[in-house]
Amino acid sequence: MIQINRVMKESYQRIWQTVQAIPAGNVASYGQIADLAGLPGRARLVGTALKNSDEGRFQNRAIPWHRVVNSQGKISFPRQSPIYQQQVARLQEEQVIVLNGKVKLR
DNA sequence: TTTTTGACTAGAC
DNA sequence: AGTCTAGCCAAAA
């Protein structure tokens, strides 16, 4: 069983909550989520928290991880990976246009 | 325990 | 538009 301290758990939960607040059809960057979660400068932790947000772990609810992209508006996965394809598909379901791995700005 | 990795980023070329 | 660097720091190796 993985050990994690109380402070980390709270940070993760604040990140998950913040991601859950992104409206459908919108996107936010890892850095923006970190800032909004009260963790400035810790964008990497957002990626880590999302990676560790799989069902069953910490009883977290479904999190719209696909609405989080990097600061350049690009998807942070290799183009050929299944998870990349899934992120694009989920964004397109929400009418978000993705071109060349980059979310189209408006 | 130490080192490396990584869903990151701002700034400098 | 790319490439590099330094800063970030929890997780995995």
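This one's a predicted model, so the numbers in the text were calculated from it and none came from an experiment. Below, chain A is the first sequence line, B the second, and so on; all start at residue 1.
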_Result of checking A:Q87, A:H66, A:K102 against A:I75 for side-chain contact (heavy atoms from CB on, under 4.5 Å)_ = A:Q87

*Along DNA chain C (nearest heavy atom to each residue), the more 5'-positioned of A:K74 and A:T48*: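 Counting from the 5' end, the first nearest nucleotide belongs to A:K74.
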
*asked:* Working note: A:N52 + A:Y12, criterion side chain to side chain donor-acceptor pair (under 3.5 Å); need CA distance, chi angles, decisive distance, verdict.
replied: CA-CA 9 Å; A:N52 290 313; A:Y12 275 22; 3.3 Å; yes

Within this structure, what is the [atom1]-to-[atom2] distance between [X] and [N], rounded to whole angstrom?
{"X": "A:R44", "N": "B:dT9", "atom1": "CZ", "atom2": "P", "answer": "10 Å"}
{"X": "A:L99", "N": "C:dA1", "atom1": "CG", "atom2": "C1'", "answer": "17 Å"}
{"X": "A:L45", "N": "C:dC9", "atom1": "CG", "atom2": "C1'", "answer": "8 Å"}
{"X": "A:L50", "N": "B:dC8", "atom1": "CG", "atom2": "P", "answer": "10 Å"}
{"X": "A:N70", "N": "B:dA10", "atom1": "CG", "atom2": "C1'", "answer": "13 Å"}
{"X": "A:K51", "N": "C:dA12", "atom1": "NZ", "atom2": "P", "answer": "6 Å"}
{"X": "A:E10", "N": "C:dA10", "atom1": "CD", "atom2": "C1'", "answer": "16 Å"}
{"X": "A:Q72", "N": "C:dT3", "atom1": "CD", "atom2": "C1'", "answer": "12 Å"}

*Given side chains that start at C-beta, do those of A:S29 and A:N70 come closer than 4.5 Å, heavy atoms only?*
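Result no, sub-4.5 Å side-chain heavy-atom pair not found.
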
*Answer yes or no: is there a side-chain heavy-atom contact under 4.5 Å between A:I22 and A:V27?*
no

Phosphate-side-chain proximity, [X] and [N], N/O vs OP1/OP2 below 4.0 Å:
{"X": "A:Y12", "N": "C:dC9", "value": "no"}
{"X": "A:S76", "N": "B:dA7", "value": "no"}
{"X": "A:R42", "N": "B:dT9", "value": "no"}

*Counting side-chain heavy atoms from C-beta on, which of C:dA12, B:dA10, B:dC8 comes nearest to A:Y30?*
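Looking only at side-chain atoms, A:Y30 lies closest to B:dC8.
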
*Go through C:dA11, B:dT9, C:dA1 for me and flag the one nearest to the A:S29 side chain.*
B:dT9

_Nearest 0.5 Å, please: how far is CG in A:N26 from CG in A:L91?_
10.5 Å

_Watson-Crick or G-U counterpart of C:dA1, or none if no pair lies under 3.5 Å_ = none

*Determine which nucleotide pairs with C:dA12, using a 3.5 Å limit on both distances of a Watson-Crick or G-U wobble pair.*
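Result: B:dT3.
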
*Taking atom P in both C:dG7 and B:dA7, compute the distance separating them and give it to the nearest angstrom.*
22 Å

